[in-house]
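Taking it in order: structure first as structure tokens, then the write-up.
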2 protein chains.
Amino acid sequence: MNPTKAVENRREQILREAARLFAERGFHGVGVDEIGAAVGISGPGLYRHFAGKDAMLAELLVGISGRLLAAGRMRVAETPDPAQALDALIRGHIDFAIDDRPLITLHDRELDRLRESDRKLVRQLQRQYVEEWVGVVRRVYPEASVLEARAAVHAVFGLLNSTPHLGGQSGLPDRASTAALLHRLALSALEALENQAPPRRPWTAHPTER
Amino acid sequence: MNPTKAVENRREQILREAARLFAERGFHGVGVDEIGAAVGISGPGLYRHFAGKDAMLAELLVGISGRLLAAGRMRVAETPDPAQALDALIRGHIDFAIDDRPLITLHDRELDRLRESDRKLVRQLQRQYVEEWVGVVRRVYPEASVLEARAAVHAVFGLLNSTPHLGGQSGLPDRASTAALLHRLALSALEALENQAPPRRPWTAHPTER
DNA sequence: ACATCACGTTAACGCTCGCTAACACGACCG
DNA sequence: CGGTCGTGTTAGCGAGCGTTAACGTGATGT
């Protein structure tokens, strides 16, 4: 009855497999024939669903960035207490990192393979997501400077996105304990912003001094 | 007088530029002509110094892995106090992450592009480096399980290796403050292993329960 | 019954890329 | 001087890749 449904499913299936393959072997390391084979059709049949290989990557990256930002904004909006908002942000990011592992990998690995316009869009979404975090972090740790908070947020992203690296035998028993440990680590890391406020020196124009 | 010197310099120059280009645009995204152009010779002239493009990547990855491990082992060996050893490990890793940024990027991004034997070697070096950290971490935080410690170490690597992402306008003023912040964040993250010991349940055979 | 459309197929083109072949040329050395 | 070696060059091959073209085919709606 609704042909859109089947198409959407096909597209989503292709995107999921493409994400997995891109994450495993890199964007340039995967051929369209392999992506097609992964969904049961072969080679150029993909062009009935996507304009090209680049378009798949673009849709993947814009999608994950947008969903991260949307979820983050929603959690922050509905959580008045800063500490609880930070908790929610961390929990949400961990969900993405564990459940959409391939996308998280692509997200900071293959960004440069995008057309200029798409890359700008993705970067803008990423930046807004980071600033969402920075805002919450600064409300929890008001002594931290903006630059410190931003660098700390990037570092915590690196920490949370380390999930792909612990695949295999070095992983923790189940998903819950992995998530719990990552949560504790991230929260604990940010506590470094609490003590030891930055040298209260006003920011000079040229920070090259010492 | 010593012709080896010039050759070595040429090789090192090629490796340095190749690392930069690989990190910027990915292994498959860089052609041999570009690498050649970056050192003033063109295209196939590289084959007087390396067996092929793969050989360059292999030498880069084996090199960085080996140097990380060697430096880590040295610091641990000459630092009897566990807390100080952990401090030294963090400081050493930060030096690598900041000074050899492209190599750190390649290190966990292009490993799969290696021949089987090289990949096994690099993985073995990486594993030994991780275990060096795990040993120190467990002496500082004896309540943490091996699996927890290992996952935490991977996560801290992700945190420390986040340096490449804060390039541009969002970076901190100078190298020293970046290093200091990363150091505090890493140390603080690992303090999460101090409290809240894992459920002291003995490890069962199949961890799929709950 | 027939045109249309969604969704595939195979063949082939054009381009890029890693690599080899053949050659050049200055430095060193017996 | 003449041969070898180290280090480049350019030309070109062969393979792989993304993409397009041309065609097939079953479901659908009139």
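All chains are named by letter (A, B, ...) in the order of the sequence lines, taking the proteins before the strands, and each is independently numbered beginning at 1. Just so it is clear, the structure is predicted and the values come from calculations on it, not from any experiment.
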Sequence neighbours excluded, which residues qualify as side chain to side chain contact (heavy atoms under 4.5 Å, CB included) partners of A:Arg139?
A:Pro82
Strictly distance-based, threshold 3.5 Å: is any side-chain N or O of [X] a donor or acceptor partner for the main-chain N or O of [Y]?
X        : Y        : answer
B:Arg184 : A:Ala192 : yes
B:Asp81  : B:Gln84  : yes
A:Asp87  : A:Ile90  : no
B:Ser188 : A:Ser188 : yes

Whole angstrom value for the distance that separates [atom2] of [N] from [atom1] of [X]:
X       : N      : atom1 : atom2 : answer
B:Leu46 : D:dT10 : CG    : P     : 13 Å
B:His49 : D:dC5  : NE2   : C1'   : 14 Å
B:Asn9  : D:dT7  : CG    : P     : 11 Å
B:Ile14 : D:dT7  : CD1   : P     : 10 Å
B:Arg11 : D:dT7  : CZ    : P     : 11 Å
B:Leu21 : C:dG18 : CG    : P     : 12 Å
A:Phe27 : D:dG16 : CZ    : P     : 19 Å
B:Phe22 : C:dC17 : CZ    : P     : 13 Å

When we call it a touch if two heavy atoms are under 4.0 Å apart, what does B:Gly45 touch: a base, just sugar-phosphate, or nothing?
base
Select base, sugar-phosphate, or nothing to describe what A:Val30 touches, counting heavy atoms under 4.0 Å on all strands.
sugar-phosphate
Ignoring hydrogens and angles, write down the donor-acceptor pairs under 3.5 Å from the side chains of residues 111-120 of chain B, residues two or more places apart or on other chains.
unit_1, atom_1, unit_2, atom_2, d
B:Arg113, NE, B:Glu110, OE1, 3.2
B:Arg113, NH2, B:Glu110, OE1, 3.4
B:Arg115, NH1, B:Asp118, OD2, 3.3
B:Arg115, NH2, B:Ser117, OG, 3.0
B:Glu116, OE1, B:Arg119, NH2, 2.8
B:Arg119, NH1, B:Asp112, O, 3.3
B:Arg119, NH1, B:Leu114, O, 3.1

With respect to the phosphate group of D:dC17, does any side-chain polar atom (N or O) of B:His28 fall under 4.0 Å of OP1 or OP2?
no
Check the phosphate of D:dG6 against B:Arg10, side-chain N and O only, distance under 4.0 Å to OP1 or OP2. Yes or no?
no
Salt bridge (Lys or Arg N to Asp or Glu O under 4.0 Å) partners for A:Arg138, two or more places apart:
none
Is any side-chain N of the basic residue among B:Asp95 and B:Arg91 closer than 4.0 Å to the acidic one's carboxylate O?
no
How does each nucleotide of nucleotides 19-26 of chain D score, in 5' to 3' order, for protein heavy atoms under 4.0 Å: base (B), sugar-phosphate only (S), or none (-)?
BB-BB---
Need the bend value for the helix from C:dA1-D:dT30 to C:dG30-D:dC1: angle between end axes, 5 pairs each end, nearest 10°.
10°
Atom pairs and distances, donor-acceptor, side-chain atoms in residues 50-67 of chain B, under 3.5 Å, two or more places apart:
unit_1, atom_1, unit_2, atom_2, d
B:Lys53, NZ, B:Phe27, O, 2.9
B:Lys53, NZ, B:Val30, O, 2.9
B:Glu59, OE1, B:Arg11, NH2, 2.6
B:Glu59, OE2, B:Arg11, NH2, 2.6
B:Ser65, OG, B:Leu61, O, 2.7
B:Ser65, OG, B:His107, NE2, 3.4
B:Arg67, NE, B:Gly63, O, 3.4

